[in-house]
There are 2 protein chains.
Amino acid sequence: MNNSDVARKPRRRSVNREAIEQRILASAEEVFAEQGFSGGSIEAIADRAGLSKQNMLYYFPSKESLYQRVLKDILGIWIEKMALIEQAGDTPAVMIENYIRGKLALSYTRPHGSKVFASEVISGAGHLQGYIENDLLPQLEADVALVNSWIDQGLMDQVEPKHLFFTIWATTQTYADFSAQISLALGKDQLDEDDFVQAGDFLIHVLLKGMGLVP
Amino acid sequence: MNNSDVARKPRRRSVNREAIEQRILASAEEVFAEQGFSGGSIEAIADRAGLSKQNMLYYFPSKESLYQRVLKDILGIWIEKMALIEQAGDTPAVMIENYIRGKLALSYTRPHGSKVFASEVISGAGHLQGYIENDLLPQLEADVALVNSWIDQGLMDQVEPKHLFFTIWATTQTYADFSAQISLALGKDQLDEDDFVQAGDFLIHVLLKGMGLVP
DNA sequence: GTCTATATGGCGATAGAC
DNA sequence: GTCTATCGCCATATAGAC
């Protein structure tokens, strides 16, 4: 019937479109990570995605819109993993450990996204118009409130919670953002999963003990 | 006499030249920090330095050479402050504290240099040809050896010294590199000296205690 | 949706007068 | 050392055929 025809065709098309858009976004994340926003040309992105640049502009009408989309996607994943999740029976120490391991896992699986975000913040976050205030900061405030309640209950040392989160962000993201420097210091071509496990072990030992969450 | 003439004139010229070069380098550090290497145009740098771009190219013959010079200068200051200096009577805790406060002071006084360096490493450090291996890593190895001697003497916990330095670098530089995000989180227009003091207090408490250098 | 062709602008760098 | 003028390249984006 006519009904099924008009319903099916657009659905097939949008599935293809979705796959191509994802390929473009993956390429864009890599190119913007390696060259920055200005340095990453849409031709380089299109090449890596296997399209002509003109064809790519059919899917993302401008470099700016593509970049915005890359930023929005990575920040979304970021915030999703940012909440200190209270599960039944979890102690503060376990929750902080999970948070650190979760952020390290993101640095391992999405290093290019981390780099794009870092470059953008370094340049002043001008393309992140309101995202930080509207999406990231509310989640930070919730996490800060939880840590403050731990402090009030005498479960840990009196430290400034915001600086704690700045520290966790910086130390976990550095293994993605500064991998060129860190892999040189470790004498490796690139960081592998084992390096991230060791980083996690170090960070959890020092931060949990340093906050007074473990003896 | 002829002798004093030929000696004086070049000296005067080179003093002027030195001053102009410093003005250009300061502008370049700001522009590259805000726009990255590709995004920062030599015209923007020249404008901020009060020169025409053609005239600026008389002092630095190419954008590349100017960028290299900015990188080299900031890395030099970096390494100079990087050594764990043993002074008579200093305990390991005091030496680490000085190191952290010193790196934080650099983030406060040279935030643009820190950002240029960070952007460069994020993009793969392709313009840092050998600098990291030849200049930074030897100093790191010396510092690592000293920390290992502390561990051998039972003065602190058994942690991996390299990860300790990655952590100190990341946590101190983040207050320069990510100042856009951090100042938003702290609800301020920009970070002031007091914010850096608080960051230092937090880091010294958590890191010294976390390493077992203080109870 | 994909292609060829092209408009348009910006930027790094050079030439040459003064 | 500084200026005017300009070359040549590359990148974003658009027009229009198929």
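Below, chain A is the first sequence line, B the second, and so on; all start at residue 1. Since the structure is predicted, the reported quantities are computational estimates derived from the model, not experimental observations.
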query: Does a side-chain N or O from B:Tyr58 land closer than 4.0 Å to OP1 or OP2 of D:dT2, or not?
result: no

- prompt: Phosphate oxygens OP1/OP2 of C:dC3: is one of them under 4.0 Å from a side-chain N or O of A:Ser52?
  reply: yes

field: Lys/Arg cation over aromatic B:Phe202: A:Lys162, 6.0 Å, 45° cone
entry: no

query: Relative to B:Phe37, does B:Lys63 satisfy both conditions: NZ or CZ under 6.0 angstrom from the six-membered ring centre, and within 45 degrees of the ring's axis?
result: yes

So, using side chain to side chain contact (heavy atoms under 4.5 Å, CB included) as the criterion, who are the partners of [X] when residues are at least two apart?
| X | result |
| --- | --- |
| A:Ser149 | A:Leu146, A:Gln153 |
| A:Thr172 | A:Ile100, A:Lys103, A:Leu104, A:Ile168, A:Leu203 |
| A:Arg69 | A:Glu21, A:Gln22, A:Leu25, A:Phe60, A:Asp73 |

message: Tell me whether the count of non-hydrogen atoms from other residues, nucleotides or ligands lying under 6.0 Å of CG in B:Asn134 goes above 12.
response: yes

task: Taking atom CD of B:Glu64 as the centre, report whether more than 12 heavy atoms of other residues, nucleotides or ligands fall under 6.0 Å from it.
output: yes

- request: Work out which heavy atom in B:Ala118 is nearest to a heavy atom in B:Asp177; give both atom names and the distance.
  value: CB-OD2, 3.5 Å

Give the rounded distance in Å between these two atoms: [atom1] of [X] and [atom2] of [N].
| X | N | atom1 | atom2 | result |
| --- | --- | --- | --- | --- |
| A:Phe60 | D:dT12 | CZ | P | 15 Å |
| B:Asn55 | D:dG1 | CG | P | 10 Å |
| B:Leu51 | D:dT2 | CG | P | 7 Å |

Matching residue for A:Arg48 among A:Glu43, A:Glu34, A:Glu29 - test: salt bridge (Lys or Arg N to Asp or Glu O under 4.0 Å): A:Glu34

- prompt: At under 4.0 Å between heavy atoms, what does A:Tyr59 touch on the DNA or RNA strands: base, sugar-phosphate, or nothing?
  reply: sugar-phosphate

message: Quiz question: by atom type and distance under 3.5 Å, do the side chains of B:Glu30 and B:His112 form a donor-acceptor pair?
response: no

- prompt: Can you give one letter per nucleotide of nucleotides 11-18 of chain C, 5' to 3': B if a protein heavy atom sits under 4.0 Å from the base, S if only from the sugar-phosphate, - if neither?
  reply: -BBB----

message: I need the residues from residues 21-34 of chain A with at least one non-hydrogen atom less than 4.0 Å from DNA chain C; give them sorted by number, or say none.
response: none

task: Report the secondary structure of DNA chain D in dot-bracket form, marking unpaired bases with a dot and bases paired to a different strand with |, and treating Watson-Crick or G-U pairs with both distances under 3.5 Å as paired.
output: ||||||||||||||||||

- prompt: Is the shortest heavy-atom distance from the side chain of B:Tyr108 to the side chain of B:Asp195 under 4.5 Å?
  reply: no

